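Working notes, beginning with the structure itself.
First the proteins, then the strands, lettered A, B, ... as listed; each starts at 1. Please read all numbers here as calculations on a predicted model, not as lab measurements. Computation of the quantities below employed the complete heavy-atom set of this structure, encompassing side-chain atoms and omitting hydrogens, waters and symmetry-equivalent molecules.
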Number of protein chains: 2
Amino acid sequence: MNTLFKAFNDATRREILEMLKDGDMTAGDIADKFNMSKPSISHHLDLLKQADLVVAVKQGQFITYSLNMTVMDEVLAWFVQFKSSVKKEEIALPKVEKPRIRLQINKQ
Amino acid sequence: MNTLFKAFNDATRREILEMLKDGDMTAGDIADKFNMSKPSISHHLDLLKQADLVVAVKQGQFITYSLNMTVMDEVLAWFVQFKSSVKKEEIALPKVEKPRIRLQINKQ
DNA sequence: TTTTTATTTAGACATTTGTCTAAATATTTA
DNA sequence: TAAATATTTAGACAAATGTCTAAATAAAAA
């Protein structure tokens, strides 16, 4: 989980993931979309790869990156599990004194 | 989203969230569960508060922290939305040549 | 009122992170 | 084989982060 949350903790990396939703891209194509050096993007891709969020496939001199939805599902499961295991607090109702006089309305 | 993912990107903070699932706790009680100074825990609580993941209520000299599930739901929605907007790739079927000779089996 | 208790704020410091340029590697083209 | 192209690796550096101790704040107890 640590590596996963680390991967998500950067706007550039989240943008890369969003881009890959529309289809696979080469490292160069990804880098072209950012105002950032290629080595920097390469580093971000490496972190996404370490987190198993993307898969890299070398095709000749190009490297194509694609989403790995399996791991995305794991993160989702983490949050669902978290939610479901939250214990609902007993609502502490304000203590109200018993009325000494009971109003009683009788049907006619 | 940035502040949220930042909040999740630390094991101590995630542990604090897990602890609060079982019920509200004071800052001191939380700190006692960790092998870490109170100011450090206080800082983590501050980041969780900034991300709106927890709510702090002062009661006398104590401060009680509790989960804010609303924001947790937002993160969950982010992932659900992400998943649902992934375009399924057309599976590139390998190109197979048309057979020059068609095998034909006739029913008797 | 003084002391104790609960918590945060301030500031220092080491580690991690994100970015860059230069160089290395690997593949394709001339 | 030499040059061009795609990408990564190495190493430097500034900024962000997590941790600590000491001091400040605020409420409760003596």
If you pin B:Thr26 and A:Thr12 to their nearest nucleotides in DNA chain C, which one's is more 5'? B:Thr26
Paired with B:Leu53, the side-chain contact (heavy atoms from CB on, under 4.5 Å) test is passed by just one of B:Leu17, B:Thr70, B:Asn68, B:Thr3, namely B:Leu17
Looking for any heavy atom pair under 4.0 Å, which part of the strands does A:Asp46 touch: base, sugar-phosphate only, or nothing? nothing
Atom NZ of A:Lys49 and atom C1' of D:dT7: how far apart are they, to the nearest Å? 10 Å
Measure NZ/A:Lys58 against P/C:dA26 and give the value in whole Å, please. 7 Å
Residues of residues 28-42 of chain A with a heavy atom under 4.0 Å from any atom of DNA chain C, listed by number, are A:Met36, A:Ser37, A:Pro39, A:Ser40
Using a cut-off of 4.0 Å on non-hydrogen atoms, how would the nucleic acid contact of A:His43 be classed: base, sugar-phosphate, or nothing? base
Student check: side-chain heavy atoms of A:Leu45 and A:Arg13 closer than 4.5 Å: no
Do A:Lys83 and B:Asp73 come close enough that some side-chain heavy atom pair is under 4.5 Å? yes
Rounding to a whole Å, what distance do you find between A:Glu15:CD and C:dG18:C1'? 15 Å
Could you please name the option among C:dT7, D:dT19, D:dA6 that lies closest to any side-chain atom of B:His44? D:dT19
Is the A:Phe5-B:Phe5 ring centre distance short of 6.0 angstrom? no
Is any side-chain N or O of A:Gln61 under 3.5 Å from a base N or O of C:dT28, one able to act as donor and the other as acceptor? no
Side chain to side chain, B:Arg14 and A:Asn2, heavy atoms closer than 4.5 Å: yes
Whole angstrom value for the distance that separates C1' of C:dT16 from CG of A:Asp10: 13 Å
Is any side-chain heavy atom of A:Lys87 closer than 4.5 Å to a side-chain heavy atom of B:Lys21? no
Using whole Å, report how far CG of B:Asn2 lies from P of D:dA15. 18 Å
Between atom NZ in B:Lys6 and atom C1' in D:dA16, what is the gap in whole Å? 8 Å
Atom pair distance, as rounded to whole Å: CZ in B:Arg14 and P in D:dG18: 11 Å
For A:Tyr65 and D:dT8, is the shortest distance between a side-chain N/O and OP1 or OP2 below 4.0 Å? yes
Are the ring centres of A:Phe82 and B:Phe8 closer than 6.0 Å? no
Spacing of A:Phe62 atom CZ relative to C:dT28 atom C1', expressed in whole Å: 9 Å
Considering only heavy side-chain atoms of B:Leu47, the closest of D:dA27, D:dG18, D:dT8 is D:dG18
What contact category does A:Leu45 fall into here, base, sugar-phosphate, or nothing, at under 4.0 angstrom with non-hydrogen atoms? nothing
